[in-house]
Amino acid sequence: MLRGFNSMAYYCGELDPQTPKLNSFLAYCNEIIQFLHSHHSMEEDIYFPLLESKLGAGTMSGNIEGHHSFQVPLDHLEDLVVKLRAHQIPWDMVAFRKAVCDLLSPLRKHLAEEIDTLRAWKLKDHITVAELEAFESGLEAQIKAKSSLTKDLQLLYINGDAVHAAWLVMHRSRQ
């Protein structure tokens, strides 16, 4: 996820206004933002309730508050992308990069904090491997039903890290 936003900050300096390249880049930015929304909706609607049913009510509230901690810069960046795609405002690389960087700092902080709440050693005494596998099978089916083969998989592949953080599809392809 961070790689997507980092790529937005990096590549925004490589674009010329009023070109197909800019339009393509803005469509990519929109997909990164929508992926973040989908990711957090899935966590809040599906994953966190499961964990709270095992760990206790309110144990994931800090993660949900973390989602709110970067809502203002996310809304600003999303609004900027929408207006740029609709040609309502002119391209301003400096303003765009600032909007991305304003989001990155609280997003990085949130993700680091969230990962700490999901560590296996914290969960192992509360949820069995079988329970987690059954849940993930159901979750996988929901994700497949809501995902776009032409967008989501490409986004994950482009922004994935097969060396340090292999994601499910890449992991399975190695077997």
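- For the residue pair His39 / Glu43, a side-chain donor-acceptor distance below 3.5 Å is found, with atom types taken as modelled.
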> Would Asp92 and Arg97 satisfy side chain to side chain contact (heavy atoms under 4.5 Å, CB included), going step by step from the backbone distance to the final call?
Replying inline: CA-CA 9 Å; Asp92 180 342; Arg97 184 172 281 154; over 6 Å; no
>> For Arg85 and Asn30: C-alpha separation, side-chain torsions, deciding distance, then whether side chain to side chain contact (heavy atoms under 4.5 Å, CB included) applies.
In response: CA-CA 9 Å; Arg85 291 184 79 195; Asn30 184 64; 3.3 Å; yes
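- Grouping the Ile, Leu, Val, Met, Phe, Trp and Tyr side chains by contacts below 4.5 angstrom, directly or via other members, places Val72 apart from Met8.
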Please list, one pair per line, the donor and acceptor atoms closer than 3.5 Å that link side chains of residues 129-136 to other protein atoms, with sequence neighbours excluded.
| residue | atom | partner | partner atom | Å |
| --- | --- | --- | --- | --- |
| Glu131 | OE1 | Thr128 | N | 2.8 |
| Glu131 | OE1 | Thr128 | OG1 | 3.3 |
| Glu131 | OE2 | Lys54 | NZ | 2.7 |

> Do Met60 and Leu55 pass the side chain to side chain contact (heavy atoms under 4.5 Å, CB included) test, and can you show the C-alpha distance, the side-chain angles, and the key distance before you say yes or no?
Replying inline: CA-CA 9 Å; Met60 295 293 113; Leu55 301 171; 3.9 Å; yes
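- Between Cys29 and Phe96 the shortest heavy-atom distance is SG-CZ, 3.7 Å.
- Looking only at distances, a side-chain donor or acceptor of Glu52 sits under 3.5 Å from a matching main-chain atom of Gly58.
- To the nearest 0.5 angstrom, Asn63 atom CG is 4.5 Å from Glu114 atom CD.
- Leu51 and Ile115 are not part of a single hydrophobic cluster, where members link through side-chain heavy atoms under 4.5 Å apart.
- Atom CD1 of Ile32 is separated from atom CG of Leu103 by 11.5 Å, given to the nearest 0.5 angstrom.
- Side-chain rings of Phe5 and Phe35 stay apart, their centers remaining 6.0 Å or farther from each other.
- Under the 4.5 Å side-chain heavy-atom criterion for grouping Ile, Leu, Val, Met, Phe, Trp and Tyr, Leu26 is connected to Tyr10 within one hydrophobic cluster.
- Ring-centre distance between Phe70 and His40: below the 6.0 Å cut-off.
- Side-chain rings of His67 and His37 stay apart, their centers remaining 6.0 Å or farther from each other.
- Under the 4.5 Å side-chain criterion, counting only non-hydrogen atoms from C-beta, Pro106 is in contact with Pro73.
- In this structure, Leu74 CG and Leu36 CG are separated by 5.5 Å, a value rounded to the nearest 0.5 Å.
- Cluster annotation: Leu77 and Val82 are assigned to distinct hydrophobic clusters (Ile/Leu/Val/Met/Phe/Trp/Tyr, side-chain heavy-atom contacts under 4.5 Å, transitive).
- A donor-acceptor contact shorter than 3.5 Å links the side chain of Ser69 to the backbone of Gly66.
- Under the 4.5 Å side-chain heavy-atom criterion for ILVMFWY residues, a single connected hydrophobic cluster contains both Ile46 and Ile127.
- When every heavy atom of Leu123 is checked against every heavy atom of Thr117, the shortest pair comes out as CD2-O, 4.3 Å.
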>> Could you walk me through whether Leu2 and Arg108 satisfy the side chain to side chain contact (heavy atoms under 4.5 Å, CB included) test, starting with their C-alpha distance in whole Å, then the side-chain angles of each, then the deciding distance to 0.1 Å, before giving a yes or no?
In response: CA-CA 7 Å; Leu2 286 175; Arg108 278 189 186 107; 3.7 Å; yes
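- Note that NZ of Lys98 and CE of Met93 are 14.0 Å apart. Values are rounded to the nearest 0.5 Å.
- Residue His76 comes nearest to Ala99 through the heavy atom pair CD2-CB, 3.7 Å, listed as atom of the first residue, atom of the second, then distance.
- Other residues, nucleotides and ligands contribute more than 12 heavy atoms inside 6.0 Å of the CD atom of Glu14.
- Considering every non-hydrogen atom in both Trp121 and Lys124, the closest pair reads O-CG, 3.8 Å.
- When all heavy atoms of Ser7 and Tyr28 are compared, the pair lying nearest together is OG-OH, 2.7 Å.
- Judged by distance alone, with hydrogens and angles left aside, the side-chain atoms of Ser105 form no donor-acceptor pair with the main-chain N or O of Asp102 at under 3.5 Å.
- The side-chain heavy atoms of Ile64 and Ser61, taken from C-beta on, include no pair separated by under 4.5 Å.
- Between Leu22 and Pro17, the shortest heavy-atom distance links the atoms CD2-CA, 3.9 Å.
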